[in-house]
Each structure stands twice: as structure tokens, then as C-alpha cells.
Amino acid sequence: MSERTTSGDEPRTVLLRGGEVYSPADPFATAMVTEGDRVAWVGSEGAADSFADGVDDVLDLEGALVTPAFTDAHVHTTSTGLALTGLDLSAAADLGDALARVRAHARARPGDRVLLGHGWDATGWPERRPPSRAELDAAAGGRPLYLTRIDVHSALATTALLEAVPGVRELAGFAADGPLTAAAHHAVRAAAYASVTPAQRAEAQRATLRRAAELGVGSLHECAGPDISSAEDLTALLALAADEPGPRVFGYWAEAVTNAKDARRVRELGAVGAAGDLFADGSLGSHTAHLHTPYADAPHTGTAHLDAAAVAAHVTACTEAGLQAGFHAIGDAALTAVTDGVRTAAARLGTERVRALRHRVEHAEMLTPGHIDAFAELALIASVQPGFDAAWGGEEGMYAERLGAERARTLNPFADLLRAGVPLAFGSDSPVTPLGPWAAVRAATFHRTPGHRVSARAAFTAHTRGGWRALGRDDAGVLVPGAPADYAVWRAGELLVQAPDTRVANWSTDPRSGTPGLPDLTPGGQLPLCLRTVVGGRTVHERPNE
């Protein structure tokens, strides 16, 4: 791309031309003008000539694609940054490889009070088991080590770290020589993260925001809470994001609200809602998602953290305070508790009053038709992660191992949600699955269960406009006049329309349909490369030599 800039410290108006602009305002647009932090005009190359002499900057796209910047609707920023800059076991091939990486990390970080790592997943290792405590103690050289499973709902800890948490052996979820869950996990996590210095935290947060910008992400929803991070972590992140160029950060605080005072505390933290990971249950990988019937590979139904009465109390108090509420719910029993509880709140306050707040449910994986009907009735946002299906779906994946193939096929029913009119907001839950919005759009378009697939256009909308709608903003995440100037510029191949039904695809690719195209996301192909990310009219990422 080439750029012409006039003199002046703060260019006010920019013309982008000579490319493809993905916009419902003009499906054949090749140019766009932004003025300050807003989109001013979208249209054709010929019409762009009339703007060329009156702008501060002209950016020749040289055939590149311009789209709205992505929104990742579920991120854990500090944890992601710690994984990006530290010990990440997601690529460990086996138990021995994982232990070797622990040893190398311990040698590389002699000054850390607690060694932190993430991403182990024994379901893919030949040994089919995580490291024992003795093996970890030896690999860490006797030092405190906290090591989260890929889903972050269980963790391993060395003896030295356990000894720093008084009473941990008496807490629910403690295992003598295995992964910690529930209260024991939360206590150990709090102790481990308390060791992170402000400088380490800022380094991790900057690493995540930098990586997000490199991937064309213009906004993140930080899902914080007392069982996940800390109030200090959230407020530091929001302050950093406000002070430095980068993606926008919207914070959620996952703490139960029972009265107006609780709601004020959420707002005082800078959070936009008492939502995100307010746990109704755990995760499938850790056998802690709450199910109606037992797991296929364990003789129990997981863990319930909230019942319908607690859900109703939270939603009622949040709605009365005009505050968005939300929950983490994965298993079918947890989703029943959430939908029953929100219905109870709607009966108390009136359905339209509850609908107006756009309360949200994170993950929402094991949905039944009844749950989907309730989501539509109550205007619940489904904040979902297509990367989960890519990682764990399919006939041989973790879902099938935990639930059996038949139940596993029901998970993440994106097409059914869209058909019912349920708003979707896509995210990564990073570091559970990596930041990577085009990979998520691909995963939804080529879902491992064909009946759950959606068009690339629908998936793209869920990962751009969907996140803004989940915030109550209908004017953003789309390139039309008046919208925020949050966009990304991509090197992409041929643009086309991909849909699960070939009849739709064939008509939509006909120029007469006026359907704007997107890059080819067929599995195995190269994903688009981000050349530039702009947030509020300010460039926050520019690929070198482009």
C-alpha cells in the first residue's frame, strides 16, 4: 500500500481507494473516506476523485480488502499475555515434552516468585494423563508452579505453591495428586496471580493488545471477575487501554449482584456489565460442566455453581439497576438453570424490561431446542467461541469422549441459534483458544457438524457487529457513514460468498445479488493477512514494508 500525507500533526480526513470495501452501504464499494474517528463516505472509485484534493491523507489500497475491525467478545487479557510471553504448553506433544518445557521455563525465569504456565491437555497425549505432582516438583526444581489446563477450569500446582495456600487441602476440588478444580483451584490461582508484579502484568496486557491489533481486532471484551483475576487487574487493563494506542477494551466483572450497591461497585470498576464468567458451571474438558445426565467417561454430572434462584436474583438486581447481566454456562443443566432464572426475573419485572438489557450467556455450548427458544424469547446474547468446535468437535474429539458421539453432535448449534433470531457474538476465550478471528469465522463456516454451519457472511457479522450489539451498540462494527472508523486492511485472495447451502452460494456469487464477498476460507487455505488496523481513526498496527 502507498500513502500520501499532507502536512499537519493530526490528519483529520483520510481517503482509502483502489481496493475492495466490505460495506452494506455499497456492495461494490472500492473506496472509503473517514473523518476523524468516523466513517464519512463509502462508494466507487470514480466518485472518490471528488474527495482526493480535500483530504489530509490518501491511502492507495493496491487491491487490498477493507473490512470492519473484528471484535473478540470473550478474552482474558492478562492470562493471554502471560501465555504469549511465557510458558505455553498447548503445543506439547506428550507428557515428556510438557515436562521438558517446564524445565526450560524454570531455567529461563530465575527471578519469578511463582512460575506460571498454561495450555496442557492430556487428552491428546499418548500417556493420557497429566504430570504427577512429583514430576512437576522435579521439573520446576522445587519452585512454586501454577499450570492451567487448556480450558482454564482446572490446574496443576507444585507442592511449593500448595504450601503457600493455607487450608487448600480442605477445600472442595482438591486432589492429592491430580488437577485442582472448584474452590481449591480458585484459591491456588489467587495465590499464583498475586505474585505477578505490576510490571509483569502490564507487559502481558500489552502483548495481548499488540497481538490482537496484528490480527485486525479493534475491540476486546475482557471477562474479569473475582474468581478469575482481580479488580486491580481489570482497572489496570482499562487504564492502560485508555492511555495507549491499541484496541478498545470493554470490561465485564463476573460478580453476583443482589442490590444497587453491588451494581454501583461494578460501574466504579469501569465495567460495562456484571457478566462474562459468572460461573453457572465449569467446563467439559475438566468434567465440571453441569449436565442433566452423567458424562460418558465419568460417573457424575459435573458441578453446579448457581441454581435458577441465584440466576433470577442476579438478573433482577442488574435489570433494576439498568446493568447488563450474564453468565458462563456450558452444560445443559447449567443452561437450564440460566434460562429458568432469567424467565423468573422476566416474570417479576416484565419481559420487555429484561430483553432491553441484552443479558448475555458465555459459551452456551450444550443447548437444547428449549434453551434456544428461551434465548430468543428473552433476547439473550449468545457469546460463543467457534474455536471450541475446531479444537474439540468431531467424532473423535474431546466432546465425543466426554459425552458420547450423539450428544457431542448437538454442541455449538450456531445455525439453529441464527434461525431462531438469537444474536451471536463471536470470541476466542483466549488463552483457551488463540486469538484469531478469521480462523473463528472459518470454524463456524465449516463446523465439524454440518447442520450447525453458517455462512461466512453470518459468521463474519457475529465477529464484527455482533460484539458491538452485545454491548448495546447497533451503530458500530460496520462500515457505513456515521459508524466508528474501526477497520482493518487485508491482503486476501479472491472474494466470494461461502454458505452451507450451495444453492444460496451460487445465487449470492452472482453479481446481480449485490452480496459483498469475503476471502475464501476453505480449510487448508491461507487466511487473510492484516496489513493495517485502525481504531477510532488512529492506526494501531501497520505491517512493516507494506
Side-chain angles (χ1 to χ4, degrees), residues 76-90 98-99 101-121 130-133 135-205 207-208 222-234 236-237 254 277 279 282-283 286 288 430-432:
H76 303 287
T77 306
T78 301
S79 297
T80 297
L82 290 170
L84 288 170
T85 60
L87 176 56
D88 184 355
L89 297 182
S90 60
L99 291 169
R101 292 170 187 244
V102 170
R103 286 192 291 272
H105 183 70
R107 288 193 299 268
R109 307 285 293 207
D112 289 3
R113 287 187 292 159
V114 177
L115 299 167
L116 302 171
H118 167 74
W120 61 271
D121 183 3
S132 69
R133 188 155 295 130
E135 288 169 331
L136 279 183
D137 287 346
R143 295 167 62 189
L145 167 69
Y146 171 71
L147 203 57
T148 49
R149 190 185 182 278
I150 186 68
D151 58 11
V152 198
H153 283 271
S154 59
L156 300 167
T158 55
T159 302
L161 180 56
L162 293 175
E163 289 174 348
V165 186
V168 67
R169 288 172 172 80
E170 284 70 53
L171 294 177
F174 179 80
D177 192 26
L180 308 173
T181 62
H185 176 211
H186 296 162
V188 169
R189 173 163 50 195
Y193 283 160
S195 74
V196 176
T197 66
Q200 282 178 294
R201 180 172 61 207
E203 175 194 16
Q205 291 171 348
T208 300
E222 163 66 14
C223 291
D227 290 333
I228 303 160
S229 51
S230 67
E232 292 75 19
D233 184 84
L234 174 62
L237 170 63
D277 278 332
F279 296 122
S283 73
S286 290
T288 52
S430 182
V432 175

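No side-chain heavy atom of Asp88 sits less than 4.5 Å from a side-chain heavy atom of Leu82. Within the 4.5 Å cutoff, side-chain heavy atoms of Tyr193 are placed close to those of Ser79. Side-chain contact between Leu99 and Leu136: present, with at least one pair of heavy atoms (C-beta onward) separated by less than 4.5 Å. Put simply, the side chain of Thr85 does not reach to within 4.5 Å of the side chain of Gln200, judged on heavy atoms. In this structure, Arg201 and Thr197 have side chains that are not in contact, with every pair of non-hydrogen atoms separated by 4.5 Å or more. You'll find the side chain of Ile150 stays beyond 4.5 Å of the side chain of Trp120, heavy atoms only. Within the 4.5 Å cutoff, side-chain heavy atoms of Val102 are placed close to those of Leu87. Contact annotation: the side chain of His76 never approaches that of Ser430 to less than 4.5 Å [non-hydrogen atoms, C-beta and beyond].
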key: Intermediate values then yes/no, side-chain hydrogen bond (donor to acceptor under 3.5 Å, both in side chains), Asp177 and Ser132   = CA-CA 6 Å; Asp177 192 26; Ser132 69; 4.8 Å; no

Working for side-chain contact (heavy atoms from CB on, under 4.5 Å), residues Leu115 and His105 = CA-CA 8 Å; Leu115 299 167; His105 183 70; 4.0 Å; yes

request  = Check the pair Leu162 / Leu180 against side-chain contact (heavy atoms from CB on, under 4.5 Å), numbers first and verdict last.
outcome  = CA-CA 11 Å; Leu162 293 175; Leu180 308 173; 4.0 Å; yes

ask   = Does the side-chain contact (heavy atoms from CB on, under 4.5 Å) test come out yes or no for Val188 and Leu161, once each step is laid out?
value = CA-CA 8 Å; Val188 169; Leu161 180 56; 3.5 Å; yes

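Taken to the nearest 0.5 Å, the CZ atom of Arg133 stands 8.0 Å off from the CG atom of Leu156. Rounded to the nearest 0.5 angstrom, Thr78 OG1 and Asp233 CG are separated by 3.5 Å.
In terms of heavy-atom proximity, Ala106 sits nearest to Arg143 at O-NH1, 2.9 Å. Across every non-hydrogen atom of Cys223 and Ile228, the tightest pair is O-CD1, 3.9 Å. Closest approach of Leu84 to Ala207, counting heavy atoms only: CD1-O, 3.8 Å. Across every non-hydrogen atom of Pro226 and Ala254, the tightest pair is CD-O, 3.4 Å. Taking all atoms of both residues into account, the shortest heavy-atom contact from Ala182 to Gly173 is CB-CA, 4.2 Å.
Judged purely by atom type and a 3.5 angstrom limit, Thr158 uses its side chain to pair as donor or acceptor with the backbone of Leu145. In this structure a side-chain-to-backbone donor-acceptor pair under 3.5 Å is present from Thr288 to Ser283. Between the side chain of Asp121 and the main chain of Ser90, no donor-acceptor pair closer than 3.5 Å is present. Of the possible polar contacts, none joining the Arg103 side chain to the Ala139 backbone as a donor-acceptor pair under 3.5 Å is found.
In this structure, Phe279 has its ring center closer than 6.0 angstrom to the ring center of His153.
Remark: the Tyr146 side chain and the His185 side chain contain an N/O donor-acceptor pair separated by less than 3.5 Å. Neither side chain, Thr208 nor Gln205, offers a donor N or O lying under 3.5 Å from an acceptor on the other.
Under the side chain to side chain donor-acceptor pair (under 3.5 Å) criterion, Thr77 pairs with Glu222, sequence neighbours left out.
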